[in-house]
Each structure stands twice: as structure tokens, then as C-alpha cells.
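I have placed the structure first, in the form of C-alpha cells, so that the comments after it can refer back to it.
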Amino acid sequence: MGKDTIANIITSIRNADINRKGMVRIPSTDITENIVKILLREGFIENVRKHQENNKDFWVLTLRHRRNRKGPYKTILNLKRMSRPGLRIYSNYQRIPRILGGIGIVILSTSRGIMTDREARLQGIGGEILCYIW
């Protein structure tokens, strides 16, 4: 079994959101740093800080939750991993899918780094579709 860091990040965030945890701790790598910056910039998480423990770096994410809401709990984040190590999914900039008519985002790995679908369309480049977030 190989290491799929992006799937681990998505699973950690999804599980914390379902269990109403306020914070998530994920290992720090270059890929996770770029994805966390996108999540913060797009407003899917509230705060990010870097934490070091036993000479290992971690990102501590503060998730957004609906406060003072009665009734059944509904998750705020919906994340779906698309491209995976066994099946890579690529798209050119004209065929990048729009999630919920543009409300959600697609995170892509392009030749110019990891970026959202809007940035990739503006720059006219395609790449590997990493995940959907809405």
C-alpha cells in the first residue's frame, strides 16, 4: 500500500467535520501546504498555524462550523478525491468541471503548481484533477 497524502488530508478533514471537531492536525509537506493555503483563501477553513513536535512539522487547521444551530448536524465541507495513484485524471483548461455552478472548487496540480479551477482557467492551463470541494 502506497502513501496518498492528499487522500489522508481529505479524510482527516472530513472525519473531523463529521465528528464536530474544531481542529485537525495534518503532517506538513509541500503539497499539503499548498492545499491548506487554497482552503484558507477560499474560506473553507478559519485558521491555520504551523506546529512542531519531536522535530516533525504539522499543520493545525481550525474548521468552520455552524454555530448555535439546532436540529440535525449537517457537514459544511464536502470533499471528494478524484485523481488517485491507481487512476490519474487529467483535464485541459476548457474541460475543467464546474462544481455546483462555480460555488465549489476544483484543486488541480498543474505545471505552475497547485491551484484552483478558476486560476487555471484564467491562465489557460490544465492539469491533474486532485479533488473537488464544495
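Model, not experiment: these values are computed from the prediction. Residues take their numbers from the sequence shown, with the count starting at 1.
- For the side-chain hydrogen bond (donor to acceptor under 3.5 Å, both in side chains) test, no residue two or more places apart in sequence or in another chain qualifies with Thr62.
- Transitive grouping of hydrophobic side chains (ILVMFWY, heavy atoms separated by less than 4.5 Å) keeps Ile96 and Ile133 in distinct clusters.
- A side chain to side chain contact (heavy atoms under 4.5 Å, CB included) with Leu108 is found for exactly one of Thr116, Ile114, Asp117, namely Asp117.
- Evaluation of the salt bridge (Lys or Arg N to Asp or Glu O under 4.0 Å) rule for Arg25 yields Glu53 as partners, not counting sequence neighbours.
- The list of salt bridge (Lys or Arg N to Asp or Glu O under 4.0 Å) pairs with a residue in residues 92-107, not counting sequence neighbours, is empty.
- Two different hydrophobic clusters hold Met82 and Ile107 under the rule that ILVMFWY side chains link at heavy-atom gaps under 4.5 Å.
- Judged by distance alone, with hydrogens and angles left aside, the side-chain atoms of Arg14 form no donor-acceptor pair with the main-chain N or O of Ala16 at under 3.5 Å.
- Cluster annotation: Trp134 is not connected to Ile45 through the hydrophobic network of ILVMFWY side chains, with a link wherever side-chain heavy atoms come within less than 4.5 Å.
- Phe44 and Val106 fall into different hydrophobic clusters, where Ile, Leu, Val, Met, Phe, Trp and Tyr side chains are chained together by heavy-atom contacts under 4.5 Å.
- Hydrophobic cluster of Tyr90: no remaining members, since no ILVMFWY side chain lies below 4.5 Å from it.
- Pairing each heavy atom of Asp17 with each of Leu63, the nearest pair is N-CD1, 3.9 Å.
- Partners of Ile103 by side chain to side chain contact (heavy atoms under 4.5 Å, CB included), not counting sequence neighbours, listed by chain and number: Leu100.
- Hydrophobic clustering (ILVMFWY, side-chain heavy atoms < 4.5 Å, transitive): Ile105 and Ile99 are in distinct clusters.
- Qualifying side chain to side chain contact (heavy atoms under 4.5 Å, CB included) partners for Asp57, counting only residues two or more places apart in sequence or in other chains: Ser28, Lys50, Gln52.
- Residues passing the salt bridge (Lys or Arg N to Asp or Glu O under 4.0 Å) test with Lys37 are Glu33, sequence neighbours excluded.
- With side-chain heavy atoms closer than 4.5 Å counting as contact, directly or through intermediates, the hydrophobic cluster containing Ile125 also holds Met115.
- For Thr29, the side-chain hydrogen bond (donor to acceptor under 3.5 Å, both in side chains) partners are Thr32, not counting sequence neighbours.
- Under the salt bridge (Lys or Arg N to Asp or Glu O under 4.0 Å) criterion, Arg84 pairs with no residue, sequence neighbours left out.
- Sorted by first and then second residue, the salt bridge (Lys or Arg N to Asp or Glu O under 4.0 Å) pairs involving residues 122-134 (not counting sequence neighbours) are Arg88-Glu128.
- Between Leu39 and Ile13, some side-chain heavy-atom pair lies under the 4.5 Å cut-off.
- With sequence neighbours left out, the salt bridge (Lys or Arg N to Asp or Glu O under 4.0 Å) criterion links Arg112 to no other residue.
- The distance from the OG1 atom of Thr110 to the CD atom of Gln123 is 7.0 Å, given to the nearest 0.5 Å.
- In this structure, Arg121 contributes its side chain and Gln94 its backbone to no donor-acceptor pair below 3.5 Å.
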